[in-house]
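This report concerns only the one structure given below.
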Amino acid sequence: MKRLIPLSLAILLLLSGCWDSRQLRDITIAKSAALDLLDDGIYQSTISSPVPRKYQAEERTLVVSGTGHTIREARMALDGKVSEQIDTAKLRILVLGEPLARKNIFPPLDIMYRDPRSSLGAKIAVFDGVGSNLIHMKLTDKPRTSEFVAELLETAESNTIVDDINVQLICPIMMDPGEDMILPYIGVDEEDNPRLIGNALFNGDTMTGSLSVEDSTLLLLMKGKLGSATFLTEKVHQEEEEDDKDNYITLRIRDTAASTEVTVNHASDEVTANVKLTMKVEAIEYPHNELTEKENIAKLNTSLEEQFTAEAGEIFKTLQESNCDALGIGRRVLVHHPDFWDTHKWNELYPEITIEPEIKVEIVDHGIIN
Amino acid sequence: MGLFKAFKHTKNSAKKGQKQEQLVEPPDIPTFPVSFDMNKNRRYIKETLYYTEDLVEKSLRTELPGTCHLFYIETMSDTDKLNSYLYQKLRDIDSEVKLERMLQDMDSAKMVHLSDAVSELLSGKSILLLEGKGHCYILSTNSVVKRDIGEPDNEQVIRGSHSGFIENIGVNIQLIRNLISHPTLQVNYTTLGELSQTKTAMMYMEGRADPEVVDEIQRRLKKIKVDQLLNNGVLEEYLEDNIYSLFPQFISTERADRAALNLLDGRILILTDGDPTVLVLPVTFFSFFQSTDDYNSRWAAGNFFRLIRVISFLLAVTLPGIYIAIISFHFEIIPFGMTYVIKDAVEHIPYPPLVEAMIMELTLELIREAGIRLPTPIGQTIGIVGGLVIGDAVVNAGFISSIMIIVVALTAISSFVVPVHEMSMAMRLLRYPIMIMASMLGFLGIVFCLSLYLIHLCKLTSIGQPFFYPFAPLNAKGLLNRFIRLPHTVYVENSPKKKGKGQSQKS
Amino acid sequence: MNVKMKISHPQLFFFIVQTQIGVGILSLSFSVHEEAGWDGWMSVFLGGIGIQLIILLLYALSSRYPEHILFHAMELIAGRLTGRLITTAYTIYFITVAILVLVIYKNIILTWLFPATPGWVIQLLLIISAWYLSREKLHIIVRFYVFVSALFLLVVGVLLFALGDLNPLYIFPIGHHGIGPILKGVMAAMQAMLGFSVFMFIFPYIEYKKKRDVLKTATFANLFTTAFYGITVLITMMFFSPPELKLVPQPLLYMLKTFSTPVIDRLDLIFLAMWIVSVTTSLMTYVYLASLSGAHLLKGVKRKKLTLWTSGAIFFIAMGPTNNLTISKFAEGVDYFSIVMVIVIPLLLYLLSLIRGKPSSKGGQQHETTHSS
């Protein structure tokens with residue numbers, strides 16, 4: 001200790017500067033950001049940051065945009081517009097404008113992956129339109145867009161509408177040749193309020209299509225994901241009742257088992273994927289009240305299975321049209337048939353393969369009444 | 001290897017010390033044997049004490065031939081005792097045998113050297129000189145001023161014994177002996193201090209205390225050369241292995257039950273006359289986090305509070321540093337919801353976080369230091385003024401952020417949780433290097449400081465025993481025994497083998 | 001050596017493990033992936049087996065002279081001059097490894113935490129704590145090592161975080177890359193495992209009932225490190241898809257960056273700061289060994305003083321390489337140097353000692369005779 005004292009004094013003298021200190025008070029923390037591709041191939045970066053209470057007059061958030069040839073340049077342009085230094089280390093939401101998503105998304109994201117301080121835990125979503133519009137939107141119930149979108153996505157995750165992902169978690173999928181990612185897709189409704197409209201389908205790092213909310217849930221279930229509050233509504237009766245409402249059943253998914261098996265016919269270069277999904281469900285809304293009879297339940301199970309299988313077929317068609325291998329079939333081909341994988345271009349092959357859904361439904365519970 | 005040599009050396013000299021102890025202690029005043037000439041004796045006593053005015057000389061006459069001379073210091077002696085025992089009894093003396101017997105009954109001692117007798121005189125005894133004899137008697141007529149053995153203010157417990165040590169070494173030893181009546185309890189006296197001639201006692205349980213440690217302490221006590229020794233603090237610095245360390249290496253306690261428990265654990269006590277605190281040694285780091293309350297309350301609760309104390313140590317040492325590091329380097333780690341709350345709070349603070357923290361820490365130390373010396377009612381006022389008024393005003397004025405106030409307040413509370421005062425002082429000092437490093441290098445600086453502290457703790461020894469014991473060297477059974485308080489009915493065998501090992505890893 | 005200064009077997013275990021695990025684990029999966037693709041995890045386990053063989057050799061050599069420090073034994077085996085030359089080589093080797101550790105971790109901190117801080121500040125921090133402990137006796141050093149081994153739990157915690165987002169398909173098909181690349185990966189893995197050899201330099205300081213126990217402890221340490229590394233590599237490989245892993249030089253840290261907890265966001269910052277302790281332990285071992293061998297060379301110089309010199313030398317030399325390319329070249333050089341120092345020289349020495357015949361059972365006496373001669 002006796003030698004420590006002069007030593008620490010010496011250090012003190014030497015270290016009169018604090019090189020990397022970034023005082024919290026001197027930083028504008030961006031909570032949400034949007035990346036867009038403008039018509040002339042220039043990136044636009046828009047950030048929003050809540051204004052500290054002490055400066056507030058009326059507005060509660062600060063929204064600025066900057067443009068440039070790279071994202072960094074766009075951000076530099078932003079710095080010129082804000083008094084304090086902008087920092088994206090606490091970014092919560094990253095919105096990609098659809099025009100950008102339709103091109104490549106990896107180059108603009110590169111800076112996020114490369115910068116050691118960037119927030120890789122940020123949620124990422126695609127916006128149907130120019131991303132900065134979403135950031136600029138003034139919401140009535142939540143003053144901060146970032147919070148609104150983040151909570152929207154979190155709820156959707158628990159409802160199994162979107163996958164639980166962030167900027168980093170999509171990266172392995174984006175780079176994997178055998179699997180493609182799907183990102184939350186946000187649009188606006190008639191009253192210009194943002195809402196989730198499903199998932200954007202990607203091929204590699206390019207957006208190629210979209211999937212509706214209802215289909216998203218089924219797709220995620222087939223991927224083996226299950227949120228804490230997952231519901232599916234299905235029309236199970238075609239009866240000519242005057243009230244169409246009674247024909248529907250709403251199910252809460254209790255438990256699922258999903259598996260995907262791939263068989264390759266080397267002779268004909270044909271790949272067949274067999275997607276199996278077994279769901280244990282609870283009927284939470286079913287005005288028909290006919291669940292007392294055991295055969296009725298069995299009947300209902302079969303009719304649900306048919307419905308879901310048909311729907312799944314539609315989903316696969318959409319996926320193949322967008323060349324989006326969301327189920328990771330290619331990865332399975334690579335794992336089980338590496339020789340076949342090496343000799344074929346999966347990206348070209350995928351739209352041609354056969355995907356067979358096989359869905360089993362089991363109603364295990366029906367609330368406290370029959 | 002160097003250290004080993006040093007250790008060997010100390011062992012040798014310890015043996016030498018023991019040999020010396022068997023001889024008569026070298027006298028401080030040149031020896032003066034009792035002269036047959038009474039006048040010479042009288043003059044000697046008076047001159048040695050420089051004719052101090054509270055020295056009383058009385059000539060007493062008995063049936064025997066020759067006069068007796070009684071010397072005592074009136075401020076130190078109990079005149080009632082002299083009256084009732086000596087004067088009355090001397091009247092009936094008619095033979096030397098009778099005189100001898102009477103003096104024996106009176107708890108007296110025969111002394112050949114007058115110089116020794118004089119030093120006894122100074123502790124309140126009286127000297128009886130008989131004419132024409134080559135010796136004198138000393139009589140214990142000292143009057144003793146004693147305080148009540150009330151509970152010490154700074155070591156209160158909720159449940160358990162409420163007796164505490166006082167300024168009298170005899171009473172203190174009595175208190176301990178009352179708690180442990182076992183023949184193995186040993187007391188060794190030493191007199192220290194050239195001027196003050198203070199009596200110190202070393203107590204230990206033969207068979208339980210490590211003999212090497214006992215030897216080592218004796219050796220170190222021998223080496224002490226001081227003019228005055230009025231309290232244990234001086235002794236502590238002479239005995240410590242590393243006096244430059246910020247960590248206290250001995251516990252001082254005013255509680256008799258605590259001292260006794262430590263004795264039973266094989267530790268050694270050092271008592272000083274005139275000081276109600278008793279030194280316990282050797283100790284480990286975690287002894288500072290134990291309170292006798294732990295052993296009296298339910299064992300689960302005892303463990304919980306012990307854990308709280310250890311957490312409080314970590315908090316008190318690191319919390320301001322962590323806050324500084326977060327505010328000026330790593331605000332990324334603040335979770336999403338908190339970022340703006342904290343940013344709002346620090347938005348207008350003019351100072352860098354380090355200065356901000358230093359101002360508040362120093363204010364707090366000022367309040368504490370001011371409050372300690374003042375009588376309780378005024379002390380409380382200071383507390384209120386300091387805590388409420390300054391705290392609130394400083395935030396409103398915009399000098400200091402409200403979060404900094406929370407941090408400093410939490411730190412202050414944590415630093416007072418530890419039951420031993422010395423450790424809480426160490427904790428307060430350890431905080432500052434961490435704060436400085438945190439303001440320069442963020443978490444890296446904090447971890448650097450902490451690892452230096454940890455290395456220091458691993459190096460530190462208390463009388464040759466590892467200070468950070470159940471953790472470094474790590475010992476699972478030791479952990480069960482020392483760190484965790486098991487129910488009293490559960491016993492973990494940890495004695496012979498471990499003890500040998502524990503010793504073997506010392507020096 | 002006095003009994004009181006000796007270290008016990010658990011302490012030896014942590015001494016070896018702490019020396020091995022340090023800066024290497026942060027980039028291990030990247031470096032094996034570079035060589036062997038997603039079969040890199042097999043390289044790690046194979047590396048463990050390979051190291052076990054080397055441990056057997058080192059044990060065989062050092063247990064022939066259990067009473068002597070290896071540096072002294074070398075003089076007995078190869079003669080005074082050659083022995084001293086080899087000892088000098090070892091001193092240089094230890095210093096080089098220490099420099100490498102320092103440079104690599106400095107660079108990681110500079111890129112991850114403090115891009116604007118001058119590198120020497122971080123070096124100074126690391127070297128001060130290394131010097132502060134390594135000047136002490138071995139038994140105090142191991143006390144510290146045992147205590148800070150709790151940090152391994154940190155890594156385990158990190159790995160637990162990742163468990164939810166793993167895709168086991170990323171490491172299939174097993175053995176796709178063939179035996180050649182996997183063996184190359186073994187080399188890369190062994191680089192991170194260096195340090196298993198420390199037991200042979202401190203053989204006389206170990207408290208043992210049977211000599212064989214030392215071998216057992218060294219084996220356990222190797223087993224632990226191999227399993228620890230193997231699991232880490234497996235998990236990071238399942239977390240990142242193979243194309244992404246190519247881009248991420250510190251996968252463990254990168255993985256951490258993704259997770260946030262309700263109390264603490266951005267665990268990588270905390271981890272990186274805490275991990276300097278584990279890195280310094282490796283550094284401490286090499287500073288200690290360098291000063292130990294140096295003290296053997298320079299009779300009459302106190303080891304304590306030597307630690308200051310070696311630490312100073314390491315600090316100043318480590319300021320040199322700043323360029324990533326230079327560092328990787330330097331690392332490669334150290335790899336080859338390690339092979340020579342850890343395998344070739346011990347093997348030669350062992351063979352030589354076999355030829356010279358077994359030393360007399362009372363090594364201590366022989367020691368004295370050589371001394372007087």
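By convention in this document, chain letters (A, B, ...) are assigned in the order of the sequence lines, proteins followed by strands, and residues within each chain are numbered from 1.
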Exercise. Side chain, backbone, both or neither: which part of C/Val148 has a non-hydrogen atom closer than 4.5 Å to chain B?
Worked result: side chain
Exercise. Between C/Phe144 and B/Lys459, is there a cation-pi geometry (under 6.0 Å to ring centre, at most 45° from the normal)?
Worked result: no
Exercise. What residues, two or more places apart in sequence or in another chain, satisfy ring-ring contact (aromatic ring centres under 6.0 Å, His included) together with C/Phe203?
Worked result: C/Tyr208
Problem set entry | Heavy-atom proximity to chain B below 4.5 Å, by part of C/Ile109 | side chain
Exercise. Looking only at heavy atoms, which two atoms of C/Arg143 and B/Cys458 are closest? And how far apart?
Worked result: NH1-O, 3.1 Å
Seminar exercise, completed: Most contact-rich option vs chain C, by heavy-atom pairs under 4.5 angstrom, among B/Leu444, B/Ile334, B/Ile333, is B/Ile333
Exercise. For C/Ile276, is it the side chain, the backbone, both, or neither that has a heavy atom closer than 4.5 Å to a heavy atom of chain B?
Worked result: side chain
Exercise. Considering only heavy atoms, which portion of C/Thr117 lies under 4.5 Å from any heavy atom of chain B: side chain, backbone, both, or neither?
Worked result: side chain
Seminar exercise, completed: Those residues at least two apart in sequence (or on a different chain) that pass salt bridge (charged side-chain N to carboxylate O under 4.0 Å, His left out) with B/Arg220 are B/Glu216, B/Asp241
Problem set entry | Heavy-atom side-chain proximity of C/Glu136 to B/Ile455 below 4.5 angstrom | no
Exercise. When rounded to the nearest 0.5 angstrom, what is the spacing between CD1 in C/Ile140 and OG1 in B/Thr461?
Worked result: 7.5 Å
Seminar exercise, completed: side-chain contact (heavy atoms from CB on, under 4.5 Å) test vs B/Phe448 passes for just one of C/Ile122, C/Leu124, C/Ile128, namely C/Ile128
Exercise. Heavy-atom distance under 4.5 Å between the side chains of C/Ile270 and B/His330, does that happen here?
Worked result: no
Exercise. To the nearest 0.5 Å, how far apart are CZ in B/Phe329 and CZ in C/Phe114?
Worked result: 5.5 Å
Problem set entry | Under 4.5 Å from any heavy atom of chain B - which part of C/Leu267 | neither
